[in-house]
Each structure stands twice: as C-alpha cells, then as structure tokens.
Asker: 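Once you've had a glance at the structure underneath, I'll fire off some questions.
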Amino acid sequence: MLNRDFLVFLFFLVLSGAFWLSMTLDETTDREYPVAVILTNVPENAVITTDMADTIHLVLRDKGMTLMTYWLGKGIAPATFNFSKYASTEHLKGTITSVDIQKAITKNLHGSTKIVSMKPERLEFYFNYGQKKEVPVRLTGRMDPAGSYYLASTKIEPSTVAVYASQRLLDSLKSVTARIDITNYEDTVIKVIPLTRRTGVKCVPAEVKVTLCPDILTEQTIEVPITAVGLPPDKILRTFPGKVEVSFNVGASIFRQIHPEQFTVEANYNDIVAKPSEKCTLKLIASPQTVQNARLVNTQVDYLIEQR
C-alpha cells in the first residue's frame, strides 16, 4: 500500500514539474551569455600591443525554450572582426563600435532573440609595425624585511625588456615597472612578477624574475684617519688623536668588505678660524653606500695649528 501511494505521489510530482517547466519555458525572460571575440586577418608585420577583450557578456531576451537552445547547443558562435576594417594606421588603434558588435552577434542569434545589454559596449585594440625599444625594468612597491634585517641586494631577470608601442610612446618611455609588495621576510625571496600593463604598450617578456636578498644588520665601528682641509700653504693642522671612530650599521655578510679608506672625516681649517675653540669639530663627509646610519663616535678632538 505504501509503495502504491508513493508511486502515485511521484507521478503527480513529475507531472506538476513538467507543467511548471513548460510554463516557464514559454515565458519571456532575460539570461546572460558569454560570446567569444576573435580578431581575424592580422598582418604578419603587425604587432598587437594591447589585445582587445576576448569575451563579450550579453543579456539576451526571448522565450525560455529559445534561450535554452543556446545552452544545449554549442553556445553562441564567436563574433569575428576583420583587422583591416577597423585598424587606423594613422593612430595605430582599432575601435569596434557597439553597432558593429551587435551586427556581428545578431546574425548568430534566433530572429526572436533581442540583445538587452552587453559588456563591454565597444572593443579597442592597439598595434604597431614592429617598432620597439629596449628599456630597463624598475621595481616599485614595498620590500621591507623583518626586524633587524635589511634588503642587501635585488636582482631582476631580465633587467631590460623589449617594448613595442607607437613611436610617440617609445620616445617617452624611460623604463617599465614591476610592482612587488612583500614584508617581514628573513630569507631570500624569488618571485615571478608581471610587468605593469599600459595601454598601447607590449613588453616582451611580460614578466620578470625578482630575487630579494635580505641580510641581518649589525652595528660596527671602524677607525678612520682625520683629514685636514682648507689649510693655507704655510699652515699645518694636527689633531689629537689622528683617527676617530665611525659607527655604522652594515650587513653581517659584507662587514669584511668595509675599509677605513671608504670613509672621509674632515677637520676644516676655515671653520676653526671662524669660530675659535679649544677643540675642533669633525664632519663625516663620505661613507660607503653599503652601510647605514654612519656617524662619528666623537665629533670634537683637540688640535694644534703649526707654522711650516
């Protein structure tokens, strides 16, 4: 008895579902569909520097049964556009209007189907005929290591790329950029980064390998000779002591590459004469680019000016 009641229930459930489906498919409704876009007959000597969108998203209106055929079949055929019809050799740009897009798509639709909306509403592509320029790659973004570490070295491979664009853009381009944002790292980081895209510009390759090498910072000191400057020919300036300590921060792996002759500490005779004092003031004039926060441990020392 239970099985019979269940079969009756199932029969009426299927019947009502079929009735609902029939009613639904007979109603006019809107549905979204993707349509592929293809640019045809591109000349061999033309380089597309910015591709146009490869898909248009349509909202179509028709009876449900008709719209279903687009899903049950192979979808809507791709919309094709001939390069030569839309390419402007003067502006090195092609523009396909919404009217042309609708014409290309409508011919692949049923007669009763209406296009309600589409995105994008127009298509653009940029090209040139092989003009290119080699430019360096520059990194942008945040590359902050953890805590007591600093960024010791950066490597970009390749360091230069070929850029295809209009001659006007090529003349103005000095570099291309790759953005990387990474913080709080202690070990070497290797990432493949896409180059920043710019309309009308094609980079080959379109991505670069970036290697970031952090190193731990240590505080070190080194004794540097004091150099007297601004002396008249008949004067001698002696300082006591003749050397002064310079403190700085440097990566642990390169400390042994730091030498006193890479620093310059000066005692200026003209400053002493202008403001006489028991001690002369020292200035740190130069330090290696590989060190940070270089500073004098003592900024003043005893001195003696002698006649030659």
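None of these values were measured; they are calculated from a predicted model.
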Asker: Taking all non-hydrogen atoms of both residues, which atom of Ile101 and which atom of Arg122 are closest, and how far apart?
Answerer: CD1-CA, 3.6 Å
Asker: Regarding Ser166 and His91, do their side chains bring together a donor and an acceptor under 3.5 Å, going by distance alone?
Answerer: no
Asker: Minimum heavy-atom separation for Ala162 to Glu134, with atom names?
Answerer: CB-OE2, 3.6 Å
Asker: CD of Glu44: more than 12 outside heavy atoms within 6.0 angstrom?
Answerer: no
Asker: Would you call Glu157 and Lys155 a salt bridge, using N to O less than 4.0 angstrom?
Answerer: yes
Asker: Just by distance, do the side chain of Thr160 and the backbone of Pro136 share a donor-acceptor pair under 3.5 Å?
Answerer: no
Asker: Test your reading of the model: is there a side-chain donor-acceptor pair from Thr299 to the backbone of Thr281, 3.5 Å cut-off?
Answerer: no
Asker: Under the ring pair (Phe, Tyr, Trp, His ring centres under 6.0 Å) rule, what pairs show up with a residue in residues 128-150, not counting sequence neighbours?
Answerer: Phe127-Tyr129
Asker: Any chance the side chains of Asp62 and Ser112 put a donor and an acceptor closer than 3.5 Å?
Answerer: yes
Asker: So, Glu266 and Lys283, do they make that salt bridge, N to O below 4.0 Å?
Answerer: no
Asker: Are there over 12 heavy-atom neighbours, none belonging to Glu306, within less than 6.0 Å of that residue's CD?
Answerer: yes
Asker: With sequence neighbours excluded, give me every ring pair (Phe, Tyr, Trp, His ring centres under 6.0 Å) pair touching residues 260-308.
Answerer: Phe248-Phe263
Asker: Mind checking whether Thr211 and Val189 have side chains closer than 4.5 Å, heavy atoms only?
Answerer: no
Asker: Centres of the Phe125 and Tyr86 rings: under 6.0 Å?
Answerer: no
Asker: Do Arg142 and Asp181 meet the salt-bridge criterion of a basic N to acidic O distance under 4.0 Å?
Answerer: no
Asker: Is it true that Glu219 and Arg295 have a side-chain N and a carboxylate O under 4.0 angstrom from each other?
Answerer: yes
Asker: Flag yes if more than 12 heavy atoms outside Lys133 fall under 6.0 Å of its NZ atom; otherwise flag no.
Answerer: yes
Asker: Could you pull out all residues at least two apart from Asn82 that satisfy side chain to side chain contact (heavy atoms under 4.5 Å, CB included)?
Answerer: Thr40, Asn41, Ser84, Lys85
Asker: Same hydrophobic cluster for Tyr126 and Tyr164, using side-chain heavy-atom links shorter than 4.5 Å among ILVMFWY?
Answerer: no
Asker: Is Leu173 reachable from Leu195 through a run of hydrophobic residues whose side-chain heavy atoms are each under 4.5 Å from the next?
Answerer: yes
